[in-house]
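Structure first, commentary second.
The figures that follow rest on heavy atoms only: side chains count, while hydrogens, waters and symmetry mates do not.
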Amino acid sequence: MVEAVLSLGGIGFAAAVALGFAAKKFAVEVDPRELALLEVMPGANCGACGYPGCAGYAKAVASGQASPNLCTPGGKDVLEKIAHLMGVAAVSADPQVAVVLCQGDNALAKAKYRYLGVHDCNAAQKIADGPKECPGGCLGLGTCARVCPFDAIEITGEGLAVISRQKCTGCRKCVAVCPRQVIVMRPLDATVHVLCNSRDKGAAVRKYCQVGCIACQICKKTSPEAYVIEDFLARVVYEHHEQATAAVEKCPTKCIRDFTDGYPQGSTFAPPTVPVKGVAA
């Protein structure tokens, strides 16, 4: 009995010595600023900073490999805390918001076929390039909404993704998962956008969508500096976005939208307030 106790005690002692040696030998030193930075971050792990989660971003900032102003969900408060810990000035980046460049829901745009597969945009896109006639239109199956960590995306009853300007933090997760690149990042202080992603000629667009851009150039003639036409598709020149409003009412298909007037058809989001430049919504 005594021998057994002594034997077990000896084994335990030897194991403790070995573990203690290994812990000291293979210990990884962590920059204390990295831990402090991680404490002030929001913990959303959304990837908006371009790094794999808050821990990855904290490590990059502490080592000087990342700018302190990349945490868009954290806003001004987190930026100031990070800058204080790093001993630098808190200089914020221009805030951006995700925009769905489409208004062609199931009522306004034609379907190519009836899709009955998995409720996922990427799965649908793999079958004959998606069930919509428009090659760039929103498929409306909610893949973007499911990855949004901030509940900023809704799918309307007619199958259109709509993004809240107030809730969106600019994390870009929705941009990454959209198989048609119909979601893009735009300056938060710009409220007027061309909500179309088709690069077909106007005659083709008219056949499959009631609210698509037909490249008629009326917007460019109305506000020459605020619009360009490329590949049969108008887009806003954001350096002159203040002038883009003049063309909203003149657009014959109403594909140009001013978000201060409200969201696309079917959305339940409340009309957004006009953002103040440099201040996140």
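Side chains of Q210 and T253: no donor on one and acceptor on the other come within 3.5 Å. At a cut-off of 3.5 Å, with distance as the only test, no side-chain donor of T156 or Q265 sits close to an acceptor on the other residue.
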Notebook entry, point to check: Between C178 and T143, is a side chain to side chain contact (heavy atoms under 4.5 Å, CB included) present by the stated rule, with each step listed?
Noted result: CA-CA 7 Å; C178 178; T143 301; over 6 Å; no
Margin query: side chain to side chain contact (heavy atoms under 4.5 Å, CB included) for I82 and E80? Distances and angles first, verdict last.
Written below: CA-CA 6 Å; I82 293 175; E80 290 179 345; over 6 Å; no
Notebook entry, point to check: Would S164 and I153 satisfy side chain to side chain contact (heavy atoms under 4.5 Å, CB included), going step by step from the backbone distance to the final call?
Noted result: CA-CA 6 Å; S164 166; I153 304 177; over 6 Å; no
Margin query: Before you tell me yes or no, could you show the steps for R146 and D120 under side chain to side chain contact (heavy atoms under 4.5 Å, CB included), namely the whole-Å CA-CA distance, both residues' side-chain angles and the distance that decides it to 0.1 Å?
Written below: CA-CA 10 Å; R146 287 190 286 276; D120 177 80; 4.0 Å; yes
Notebook entry, point to check: Can E133 and K207 be said to form a salt bridge (charged side-chain N to carboxylate O under 4.0 Å, His left out), step by step?
Noted result: CA-CA 9 Å; E133 285 278 359; K207 291 180 180 178; over 6 Å; no
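The distance from atom NZ of K59 to atom CD of Q65, rounded to the nearest 0.5 Å, is 8.5 Å. Note that CG of D151 is 12.0 Å distant from SG of C168, once rounded to the nearest 0.5 Å. To the nearest 0.5 Å, the span separating SG on C148 from NZ on K167 amounts to 9.0 Å. Distance NZ/K220 to CD/E225: 9.0 Å, rounded to 0.5 Å. Separating the NZ atom in K221 from the SG atom in C216 is a distance of 8.0 Å, to the nearest 0.5 Å. To the nearest 0.5 Å, atoms CZ (F269) and CD (Q166) are separated by 8.5 Å.
Counting heavy atoms from C-beta on, the side chains of V88 and P68 come closer than 4.5 Å. Using a 4.5 Å heavy-atom cutoff, the side chains of C54 and L38 are in contact. Using a 4.5 Å heavy-atom cutoff, the side chains of C138 and R180 are not in contact. No side-chain heavy atom of L35 sits under 4.5 Å from any side-chain heavy atom of R33. Between I214 and R206, some side-chain heavy-atom pair lies under the 4.5 Å cut-off. Inter-residue side-chain proximity for K112 and P131 is flagged as unmet; no heavy-atom pair is nearer than 4.5 Å. Counting only heavy atoms from C-beta outward, the side chains of Y115 and L139 never approach each other to under 4.5 Å.
The minimum heavy-atom distance linking S223 with A247 is given by the pair OG-N, 4.4 Å. Between I127 and Y113, the shortest heavy-atom contact is O-OH, 2.5 Å. Across all non-hydrogen atoms, the minimal contact from K250 to T222 is CD-OG1, 3.6 Å. Closest approach of I183 and A98 over heavy atoms only: CG2-CB, 4.0 Å. Annotation for A161 and V100: closest pair O-CG2, 3.5 Å, computed over non-hydrogen atoms. Across all their heavy atoms, I229 and C219 have their closest contact at CD1-SG, 4.2 Å.
Under a 3.5 Å cut-off, the side chain of K201 and the backbone N or O of F232 do not form any donor-acceptor pair. No donor-acceptor distance shorter than 3.5 angstrom exists from the side chain of S267 to the backbone of Y263, with no hydrogens or angles considered. For the pair R172 (side chain) and M185 (backbone), a donor-acceptor distance under 3.5 Å is absent. Using modelled atom types, one side-chain atom of S63 and one backbone atom of A60 make a donor-acceptor pair closer than 3.5 Å. Listed for the N122 side chain is a donor-acceptor partner under 3.5 Å among the backbone atoms of V177. The backbone N or O of V61 lies less than 3.5 Å from no partner atom in the side chain of Y51, so there is not a single donor-acceptor pair. Remark: the backbone N or O of V194 is not paired with any side-chain donor or acceptor of Y227 at under 3.5 angstrom. Between the side chain of D258 and the main chain of T245, no donor-acceptor pair closer than 3.5 Å is present. A side-chain donor-acceptor contact under 3.5 Å links S198 to the backbone of D200. Not one N or O on the side chain of K132 forms a donor-acceptor pair closer than 3.5 Å with the backbone of G137.
The one candidate from V192, V236, V99, T191 that meets the side chain to side chain contact (heavy atoms under 4.5 Å, CB included) condition with R186 is V99. Paired with F259 under the rule side chain to side chain contact (heavy atoms under 4.5 Å, CB included), one option of V97, I163, L195 passes, and it is L195. Partner C102 forms a side chain to side chain contact (heavy atoms under 4.5 Å, CB included) with one of N197, V162, L160 and no other, that one being L160.
Ring geometry, H241 versus Y238: the interplanar angle falls from 30° to 60°, so the pair is classed tilted.
Note on R257 versus D261: no salt bridge recorded, every NZ/NE/NH1/NH2 to OD/OE distance being 4.0 Å or above.
Grouping the Ile, Leu, Val, Met, Phe, Trp and Tyr side chains by contacts below 4.5 angstrom, directly or via other members, places L70 apart from L79. Note on V211 and L101: separate hydrophobic clusters, where clusters join Ile, Leu, Val, Met, Phe, Trp and Tyr whose side-chain heavy atoms are under 4.5 Å apart, directly or indirectly. Residues I218 and V248 fall into different hydrophobic clusters, defined by Ile, Leu, Val, Met, Phe, Trp and Tyr side chains chained together at heavy-atom separations under 4.5 Å.
Within a 6.0 Å sphere centred on NZ of K254, heavy atoms belonging to other residues, nucleotides or ligands number more than 12. Within 6.0 Å of atom NE2 in H240, more than 12 heavy atoms from other residues, nucleotides or ligands are found, so the atom counts as buried in its surroundings. Counting heavy-atom neighbours within 6.0 Å of E158 CD, excluding the residue itself, gives a total above 12. Environment of CD in Q243: crowded, with over 12 heavy atoms of neighbouring residues, nucleotides or ligands closer than 6.0 Å.
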